[in-house]
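Predicted model, so just to flag it, every value in this text is computed and none were measured.
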Amino acid sequence: MNFKIFSELVELKAKTASIFPFLLGLLYSFYHFQQVNLINSAVFFVAMLLFNMAVDANDNYQDYKRAMANEAEHFRLKTNVIGVHHLNMKKIFYLICLLMLTSMLLGLWLVLQTSLLLLPLGFFCFAVGYFYAAGPRPISATPFGEFFSGFTMGYMIFLINVYLNIFPEKMTWMIALQAFLPAGLLSFSIAALLLANNICDEKEDISLKRQTIVHYLGKRRSLVLFDLFYVIGAAAYLLSITLGLLPKAALLAFLVTPIIWKNILKFNQKQVKKEDFILAVKNLLIISLAQTVAVAIGVWLKF
């Protein structure tokens, strides 16, 4: 397996979905608490990245196995990376185990450096990551995929990084609740990305026996929800600035609104996977980059 195939298997290009919540958590810790622990953050970054790769590799692995069971030959051989490149299933399984185990050991090291509170937070993320694609009824095949992906990748990564930076300050429910607002825009943008994927895969999901939220809402209502995700995320972000959780300069992120809105309208018109899913990917990248840069400017200028 060469690097190109490996990057496709672990979906390396999609890692911005976890990197930007990490960076935003670091900036938030510095701005709101005036505390940063670079060692803890660096170890968490590696653990997070390795586990994210394991989750995406496992997603492809489980999809391939499920396609074999459901006799979805076209998906297995023409779409899934394992079938397209004729990869060895046993080696893929060992790779997933290695990535997960390394991430877990780094996580346990962080628990030893901080407190046992980190253990349930990490366990929740591991459980969501594994059961997102595995088990008799994976989360990705239920109406809850968008919630768990947005909450875990957008909010939990942000919250854990904040905790690692402010320790030994005690984590309180107020800190946890307040953290949801600055992480809200990224969380809902990630959820919108997953929803866009499910909207585009509506017919394919039927053959794979997936009953996502699109199955229950239908395409028209799912598109309304897709639009609402961005509106709710933007409202949470604006509220976090209003309450002083983020610097005023973070408002600069709204300069990209016309681009985001244009992509939303275009996706509402047509939902062909190969042509239009990229619009949701672009939105997530633009929003993540704009928010992180705007907050960084505010932290730097102290405004």
Side-chain angles (χ1 to χ4, degrees), residues 8 10-11 13-18 21 52 55-67 69-70 72 74-76 78-81 128-156 184-233 260 263-288:
E8 190 177 346
V10 301
E11 299 183 22
K13 62 184 179 182
K15 294 301 163 277
T16 53
S18 54
N52 200 325
V55 168
D56 287 333
N58 186 54
D59 195 0
N60 285 314
Y61 177 81
Q62 298 293 341
D63 280 349
Y64 186 83
K65 286 177 61 179
R66 201 166 288 111
N70 296 329
H74 184 270
F75 172 82
R76 186 167 64 88
K78 302 295 183 182
T79 304
N80 188 279
V81 59
V128 171
Y130 179 75
F131 289 109
Y132 187 80
R137 190 76 189 278
I139 295 172
S140 62
T142 71
F144 309 111
E146 287 77 8
F147 167 77
F148 278 105
S149 58
F151 183 82
T152 306
M153 296 181 71
Y155 173 68
M156 289 301 294
L185 181 55
L186 289 185
S187 298
F188 281 103
S189 297
I190 292 169
L193 177 73
L194 269 294
L195 180 57
N197 183 66
N198 287 332
I199 291 172
C200 292
D201 286 347
E202 183 187 19
K203 292 181 180 178
E204 187 179 88
D205 284 344
I206 294 173
S207 66
L208 294 173
K209 297 182 179 180
R210 289 174 171 172
Q211 295 183 330
T212 67
I213 196 168
V214 181
H215 171 81
Y216 294 95
L217 293 181
K219 184 173 284 189
R220 186 175 63 83
R221 289 190 181 93
S222 296
L223 286 169
V224 173
L225 182 61
F226 174 77
D227 299 348
L228 279 175
F229 277 160
Y230 289 107
V231 174
I232 296 170
I260 302 303
N263 288 338
I264 291 172
L265 293 178
K266 193 173 179 180
F267 185 80
N268 282 325
Q269 293 171 1
K270 187 161 60 78
Q271 302 86 40
V272 178
K273 184 69 173 282
K274 290 184 178 180
E275 300 174 20
D276 305 297
F277 176 62
I278 190 65
L279 296 169
V281 176
K282 287 179 179 178
N283 272 2
L284 177 58
L285 179 59
I286 293 169
I287 288 171
S288 301

Provide the closest heavy-atom pair for Leu193 versus Leu284 in the form atom of the first, atom of the second, distance.
CD2-CD2, 3.6 Å
Check this for me: Phe277, atom CZ, are more than 12 non-hydrogen atoms of other residues, nucleotides or ligands nearer than 6.0 Å?
yes
Apply side chain to side chain contact (heavy atoms under 4.5 Å, CB included) to the pair Leu195 and Val214, showing each step before the final yes or no.
CA-CA 8 Å; Leu195 180 57; Val214 181; 4.0 Å; yes
Nearest heavy-atom contact between Phe148 and Val128 is CD2-CG2, 3.8 Å
Is the shortest side-chain heavy-atom distance between Asp276 and Gln269 below 4.5 Å?
no
In this structure, NZ of Lys266 is separated from CD of Glu275 (nearest 0.5 Å) by 9.0 Å
Closest non-hydrogen atom pair, Asp59 against Tyr132:
OD2-CE2, 4.2 Å
Okay, side chain of Ser149, backbone of Glu146: is any donor-acceptor separation there less than 3.5 Å?
yes
Where does the angle between the aromatic ring planes of Phe151 and Phe147 fall among parallel (under 30°), tilted (30 to 60°) and perpendicular (over 60°)?
parallel
State, yes or no, whether a side-chain contact exists between Phe229 and Ser189 at a heavy-atom distance under 4.5 Å.
no
Val224 side chain reached by Asp227 side chain, heavy atoms, under 4.5 Å:
no
Counting neighbours of NZ on Lys219 that are heavy atoms of other residues, nucleotides or ligands and sit closer than 6.0 Å, is the number greater than 12?
yes
To the nearest 0.5 Å, what is the distance between CG (Leu223) and CG (Leu217)?
10.5 Å
Minimum heavy-atom separation for Phe267 to Cys200, with atom names?
CE1-SG, 3.8 Å
Gap between atom CZ of Phe226 and atom CD1 of Ile264 - 0.5 Å precision:
6.0 Å
What are the two closest non-hydrogen atoms of Tyr216 and Pro143, and how far apart are they?
CE1-CG, 3.3 Å
Interatomic distance, CG@Leu185 vs CD1@Ile190, rounded to 0.5 Å, equals 10.0 Å
Quick check: closest heavy atoms across Leu186 and Ser288, and the distance to 0.1 Å?
CD2-OG, 3.3 Å
Hey, what do you get for OH (Tyr230) to CG (Asn283), rounding to the nearest 0.5 Å?
4.0 Å
Under the criterion side chain to side chain contact (heavy atoms under 4.5 Å, CB included), I'd like the reasoning laid out for Leu225 against Ile213: C-alpha separation, chi angles, the key distance, then a yes or no.
CA-CA 10 Å; Leu225 182 61; Ile213 196 168; 3.8 Å; yes
At what distance, to the nearest 0.5 angstrom, does OG1 of Thr212 lie from CG of Asp201?
8.5 Å
